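What follows is a set of notes on a single structure, which appears directly below.
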Amino acid sequence: QVQLVESGGGLVQPGGSLRLSCTISGSVEIINAMGLGWYRQAPGKQLEFVVGITRDGNTNYANSVKGRFTISRDNAKNTVYLQMNSLKAEDTAVYYCKITSGVLAGAWGQGTQVTVSS
(Lines give C-alpha, C1' and ligand atoms only; values in the text may rest on other atoms or scores of the structure.)
Protein backbone atom coordinates (compact mmCIF):
# COMPACT_ATOMS: atom_id res chain seq x y z
CA GLN A 1 0.00 0.00 0.00
CA VAL A 2 1.42 3.35 -1.01
CA GLN A 3 2.01 5.98 1.66
CA LEU A 4 2.73 9.68 1.23
CA VAL A 5 4.14 11.43 4.28
CA GLU A 6 4.50 15.21 4.32
CA SER A 7 6.79 17.06 6.67
CA GLY A 8 8.45 20.43 7.09
CA GLY A 9 5.49 22.56 8.04
CA GLY A 10 5.51 24.99 10.92
CA LEU A 11 5.19 28.58 12.01
CA VAL A 12 7.10 31.20 10.04
CA GLN A 13 7.05 34.97 9.90
CA PRO A 14 5.87 36.81 6.78
CA GLY A 15 8.70 36.96 4.27
CA GLY A 16 10.23 33.76 5.60
CA SER A 17 10.82 30.41 3.95
CA LEU A 18 9.93 26.78 4.51
CA ARG A 19 10.67 23.59 2.62
CA LEU A 20 8.05 20.89 2.63
CA SER A 21 8.86 17.27 1.85
CA CYS A 22 6.64 14.45 0.71
CA THR A 23 8.18 11.00 0.86
CA ILE A 24 6.47 8.16 -0.97
CA SER A 25 6.86 4.60 0.23
CA GLY A 26 5.29 1.24 -0.38
CA SER A 27 5.37 1.55 -4.13
CA VAL A 28 7.47 -0.19 -6.71
CA GLU A 29 6.79 2.71 -9.08
CA ILE A 30 9.65 5.13 -8.84
CA ILE A 31 8.85 8.74 -8.29
CA ASN A 32 9.90 9.98 -11.71
CA ALA A 33 7.23 7.78 -13.27
CA MET A 34 4.57 9.69 -11.37
CA GLY A 35 2.93 13.02 -11.81
CA LEU A 36 2.84 14.78 -8.43
CA GLY A 37 1.17 17.82 -7.02
CA TRP A 38 0.94 20.00 -3.95
CA TYR A 39 -2.43 21.30 -2.80
CA ARG A 40 -3.49 23.36 0.18
CA GLN A 41 -6.58 24.09 2.20
CA ALA A 42 -6.91 27.21 4.29
CA PRO A 43 -9.41 27.40 7.17
CA GLY A 44 -12.93 27.77 5.84
CA LYS A 45 -11.80 27.55 2.21
CA GLN A 46 -11.84 24.91 -0.49
CA LEU A 47 -8.89 22.77 -1.43
CA GLU A 48 -6.64 24.68 -3.81
CA PHE A 49 -4.07 23.55 -6.37
CA VAL A 50 -0.60 24.94 -5.68
CA VAL A 51 1.82 23.29 -8.09
CA GLY A 52 2.19 20.16 -10.18
CA ILE A 53 5.05 18.34 -11.85
CA THR A 54 4.52 15.82 -14.62
CA ARG A 55 6.48 12.62 -15.07
CA ASP A 56 8.38 14.49 -17.80
CA GLY A 57 9.38 17.23 -15.35
CA ASN A 58 7.08 19.93 -16.64
CA THR A 59 5.78 22.18 -13.89
CA ASN A 60 2.65 24.23 -13.47
CA TYR A 61 2.18 26.79 -10.71
CA ALA A 62 -0.86 28.57 -9.40
CA ASN A 63 -0.60 32.29 -10.12
CA SER A 64 -0.69 33.03 -6.41
CA VAL A 65 2.61 31.22 -5.80
CA LYS A 66 4.43 31.72 -9.10
CA GLY A 67 7.90 33.12 -8.53
CA ARG A 68 7.84 32.28 -4.82
CA PHE A 69 7.38 28.49 -4.68
CA THR A 70 9.45 25.81 -6.38
CA ILE A 71 8.68 22.11 -6.76
CA SER A 72 11.47 19.58 -7.14
CA ARG A 73 12.04 15.89 -6.61
CA ASP A 74 14.79 13.54 -5.54
CA ASN A 75 14.25 10.24 -7.30
CA ALA A 76 16.80 8.45 -5.15
CA LYS A 77 14.85 9.37 -2.02
CA ASN A 78 11.38 9.00 -3.58
CA THR A 79 10.68 12.48 -2.27
CA VAL A 80 9.13 15.59 -3.74
CA TYR A 81 9.83 18.99 -2.24
CA LEU A 82 8.08 22.33 -2.12
CA GLN A 83 10.40 25.25 -1.44
CA MET A 84 8.34 28.21 -0.29
CA ASN A 85 9.92 31.65 -0.17
CA SER A 86 8.55 35.12 0.56
CA LEU A 87 5.71 33.59 2.51
CA LYS A 88 2.56 35.59 3.11
CA ALA A 89 -0.22 35.30 5.65
CA GLU A 90 -2.50 34.05 2.89
CA ASP A 91 -0.22 31.04 2.39
CA THR A 92 -1.40 29.73 5.76
CA ALA A 93 -3.01 26.35 5.13
CA VAL A 94 -2.64 22.62 5.46
CA TYR A 95 -0.49 21.46 2.56
CA TYR A 96 -1.03 18.07 0.95
CA CYS A 97 0.87 16.14 -1.68
CA LYS A 98 -0.89 13.94 -4.17
CA ILE A 99 0.04 11.47 -6.88
CA THR A 100 -1.67 12.96 -9.93
CA SER A 101 -0.81 10.44 -12.64
CA GLY A 102 0.47 6.92 -12.98
CA VAL A 103 -0.97 3.71 -11.60
CA LEU A 104 -1.20 5.21 -8.10
CA ALA A 105 -2.97 8.40 -9.14
CA GLY A 106 -5.30 9.73 -6.49
CA ALA A 107 -3.24 8.85 -3.44
CA TRP A 108 -2.91 11.67 -0.89
CA GLY A 109 -0.73 12.40 2.08
CA GLN A 110 -2.04 13.36 5.51
CA GLY A 111 -1.03 17.00 5.25
CA THR A 112 1.31 19.36 7.06
CA GLN A 113 0.31 22.67 8.63
CA VAL A 114 1.95 25.89 7.46
CA THR A 115 1.22 29.03 9.47
CA VAL A 116 2.56 32.40 8.37
CA SER A 117 2.19 34.93 11.15
CA SER A 118 4.16 37.56 13.00
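What's counted below: heavy atoms across the whole structure, side chains too, no hydrogens, waters or symmetry copies. Every value quoted in this text rests on a predicted model; they were computed, and no experiment measured them.
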Original post:
Can you list every salt bridge (charged side-chain N to carboxylate O under 4.0 Å, His left out) pair that touches residues 70-87, not counting sequence neighbours?
Top reply: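 Listed once each, the pairs would be none.
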Please name the pair of heavy atoms, one in [X] and one in [Y], separated by the smallest distance, quoted to 0.1 Å.
X      : Y      : result
Gln83  : Ser17  : NE2-CB, 4.0 Å
Leu104 : Met34  : CD1-CE, 4.0 Å
Ile71  : Thr59  : CG2-CG2, 3.6 Å
Gly35  : Ser101 : N-OG, 2.9 Å

Subject >> Other residues, nucleotides, ligands: >12 heavy atoms within 6.0 Å of Lys66 NZ >> reply: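 Check passes, neighbour count above 12.
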Are [Y] and [X] connected into the same hydrophobic cluster when the rule is that any two of I, L, V, M, F, W, Y join if their side-chain heavy atoms are below 4.5 Å apart?
X     : Y     : answer
Tyr96 : Val51 : no
Phe69 : Ile53 : yes
Val65 : Leu47 : no

Out of curiosity, [X] [atom1] to [Y] [atom2], how far, rounded to the nearest 0.5 Å?
X     : Y      : atom1 : atom2 : value
Gln41 : Gln113 : CD    : CD    : 11.0 Å
Leu36 : Thr54  : CG    : OG1   : 9.5 Å
Arg19 : Leu82  : CZ    : CG    : 10.5 Å

Subject >> Non-neighbouring partners of Val114 that pass side-chain contact (heavy atoms from CB on, under 4.5 Å), sequence neighbours left out >> reply: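 Per chain and number, Val114 pairs via side-chain contact (heavy atoms from CB on, under 4.5 Å) with Leu18, Leu20, Met84, Tyr95, Val116.
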**OP:** Just grab all the disulfide bond (SG atoms under 2.5 Å apart) pairs involving residues 42-72, residues at least two apart or on different chains.
**Re:**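 Checked against disulfide bond (SG atoms under 2.5 Å apart) - neighbours excluded - no pair reaches residues 42-72.
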**OP:** Consider only side-chain N and O atoms of Thr92 and Thr115, and report whether a donor and an acceptor are under 3.5 Å apart.
**Re:**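 No donor-acceptor contact under 3.5 Å links the two side chains.
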What donor-acceptor contacts under 3.5 angstrom involve side-chain atoms of residues 4-14, with partners at least two apart or in another chain?
unit_1, atom_1, unit_2, atom_2, d
Glu6, OE1, Gln110, N, 2.9
Glu6, OE1, Gly111, N, 2.8
Glu6, OE2, Cys97, N, 2.8
Glu6, OE2, Gly111, N, 3.4

Original post:
Can you list every pair that meets ring-ring contact (aromatic ring centres under 6.0 Å, His included) and has a residue in residues 35-65, with sequence neighbours left out?
Top reply: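 Those involving residues 35-65 are Tyr39-Phe49, Tyr39-Trp108.
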**OP:** Not counting sequence neighbours, which residues clear salt bridge (Lys or Arg N to Asp or Glu O under 4.0 Å) with Arg68? List them please.
**Re:**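 For Arg68, the residues satisfying salt bridge (Lys or Arg N to Asp or Glu O under 4.0 Å) (neighbours in sequence not counted) are Asp91.
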**OP:** Please say which of Glu48, Glu90, Lys88 ends up in a side-chain contact (heavy atoms from CB on, under 4.5 Å) with Ser64.
**Re:**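 Among Glu48, Glu90, Lys88, the one meeting side-chain contact (heavy atoms from CB on, under 4.5 Å) with Ser64 is Glu48.
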